[in-house]
Amino acid sequence: MTATIIQTKQLTKSFGKNQVLRNIDLTVTQGEFTAIMGPSGSGKSTLMNVLSTIDRFSGGDILLEEKSLLDLNKRALRQFRQDRMGFIFQDYNLLDMLTVKENILLPLSLRKMKSEEMESRLKKLGQALGIEDILDKYPNEISGGQKQRAASARALITNPAIVFADEPTGALDSRSATQLLEQLVHLNKSLHTTILMVTHDAYAASYCRRVIFLRDGSIVNEVYAGEQSQKDFYERILDTQSLMGGKGR
Ligand SMILES: Nc1ncnc2c1ncn2[C@@H]1O[C@H](COP(=O)(O)OP(=O)(O)OP(=O)(O)O)[C@@H](O)[C@H]1O
Ligand SMILES: [Mg+2]
């Protein structure tokens with residue numbers, strides 16, 4: 001039996017009178033690599049924020065590793081976030097006073113990890129994401145795409161059990177985007193990392209094994225890669241998008 005990592009039950013989220021998530025029932029099992037797609041404003045980021053405990057939800061329930069968030073206090077949530085989750089969000093949140101390397105290693109410096117292990121992880125991720133050359137620079141000396149990759153390395157260096165990525169390839173050129181997506185696939189395959197990734201891009205989504213489509217705060221469709229090739233899955237995603245009307249934006 002594969003463990004359930006995330007389960008929502010009739011999950012709702014409202015901002016004032018605006019109901020943004022409507023009765024979402026979603027189950028994610030360990031090791032799944034899932035994309036979330038849908039038009040702008042459909043609730044993708046909101047869903048990521050409540051699942052990752054960054055934002056509160058309004059109704060229903062979320063279970064993380066089979067524990068209801070309603071039963072966890074703030075401290076337990078913070079611990080869970082630190083130990084189990086990695087975040088790749090669009091505001092990079094790199095600290096200006098630290099070099100890229102120091103930023104990436106920051107989550108490990110908080111734990112008692114041997115420096116050889118830290119260096120070895122840094123080397124692997126730096127190579128995989130093509131940022132070895134900028135490790136000694138400061139955030140204000142590098143481009144937006146480089147910041148995005150540095151922030152991704154920081155999110156992945158702890159080998160988190162669950163990675164939440166909100167448009168991680170949005171600011172990247174196609175080569176860097178492919179590097180990041182391949183790194184996510186690698187993590188997913190080698191460490192069984194569970195990944196949830198919001199994207200507007202059918203090509204990026206085709207790296208995932210499952211794509212969920214949101215519209216007006218509801219899950220309206222879902223496709224699985226199954227045995228088909230990445231190219232066929234890509235076509236399938238495009239077809240599903242056009243069936244839903246529009247290209248997602
Ligand atoms: N903090 C907030 N306060 C009030 N309303 C919000 C807040 N965050 C999001 N919303 C509203 O919730 C709805 C969904 O927003 P959300 O950011 O989840 O969409 P999205 O699918 O991520 O869109 P995009 O593709 O543009 O990033 C929108 O109508 C938005 O205006
Ligand atoms: Mg968004």
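Counting convention: from 1, in listed order, for ligands and their atoms alike.
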* With backbone taken as N, CA, C and O and side chain as the heavy atoms from C-beta onward, which portion of Val20 lies under 4.0 Å from ligand 1: side chain, backbone, both, or neither? ->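 For Val20, only side-chain atoms sit under 4.0 Å from ligand 1.
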* Among Gly38, Ser42, Ser40, Gly16, closest by any non-hydrogen atom to atom 24 (P) of ligand 1 ->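 Residue with the shortest heavy-atom distance to the ligand atom: Ser40.
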* Please work out which of Gly217, Gly43, Gly41, Gly170 has its closest non-hydrogen atom nearest to atom 28 (C) of ligand 1. =>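 Closest candidate by heavy-atom distance is Gly41.
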* To do: Under 4.0 Å from a heavy atom of Pro39: give me the atoms of ligand 1 that qualify, with their elements.
  =>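 Within the 4.0 Å cut-off of Pro39, ligand 1 contributes 21 (O).
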* Find all atoms of ligand 1 within a distance of less than 4.0 Å from any non-hydrogen atom belonging to His200, and give their numbers and elements. =>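 Heavy-atom distances to His200 below 4.0 Å select 25 (O).
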* With the threshold set at 4.0 Å, does a side-chain nitrogen-carboxylate oxygen contact exist between Glu32 and Arg210? ->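 Yes.
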* **Lys231 NZ/CZ over Phe233 ring centroid, <6.0 Å and within 45° of normal** =>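 Geometry flag: not set, cation outside 6.0 Å or 45°.
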* **Residue and atom names of protein N/O/S atoms that fall under 2.8 Å from the Mg ion (ligand 2)** =>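 For the Mg ion (ligand 2), the protein N, O and S atoms that sit under 2.8 Å away are Ser45 OG.
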Got a list of side-chain donor-acceptor pairs under 3.5 Å for residues 104-114, not counting sequence neighbours?
residue: Ser109; atom: OG; partner: Leu105; partner atom: O; Å: 3.0
residue: Arg111; atom: NE; partner: Pro107; partner atom: O; Å: 3.2
residue: Arg111; atom: NH2; partner: Gln82; partner atom: O; Å: 2.7

* To do: Answer yes or no: is there a side-chain heavy-atom contact under 4.5 Å between Glu65 and Ile5?
  =>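 The answer is yes; the side chains approach within 4.5 Å.
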* To do: Indicate yes or no: at least one non-hydrogen side-chain atom of Val185 is less than 4.5 angstrom from one of Lys189.
  =>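 In contact.
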* Are Met197 and Ile88 in one and the same hydrophobic cluster, where Ile, Leu, Val, Met, Phe, Trp and Tyr link if side-chain heavy atoms are under 4.5 Å apart? ->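 Yes, Met197 and Ile88 fall within the same hydrophobic cluster.
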* Fellow cluster residues of Tyr224, listed by chain then number, with links counted only when side-chain atoms sit under 4.5 Å apart ->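 Besides Tyr224, the cluster holds no residue at all.
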* Asked: Does any N/O atom on Phe15 come nearer than 3.5 Å to any N/O atom on ligand 1?
  ->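 Checking ligand 1 against Phe15, no N or O pair falls under 3.5 Å apart.
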* Does atom NZ of Lys147 have more than 12 heavy-atom neighbours, drawn from other residues, nucleotides or ligands, at distances under 6.0 Å? ->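 Count over threshold, so yes.
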* How would you list all residue pairs meeting side-chain hydrogen bond (donor to acceptor under 3.5 Å, both in side chains) that involve residues 120-140, not counting sequence neighbours? ->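 Sorted pair list: Glu117-Arg121.
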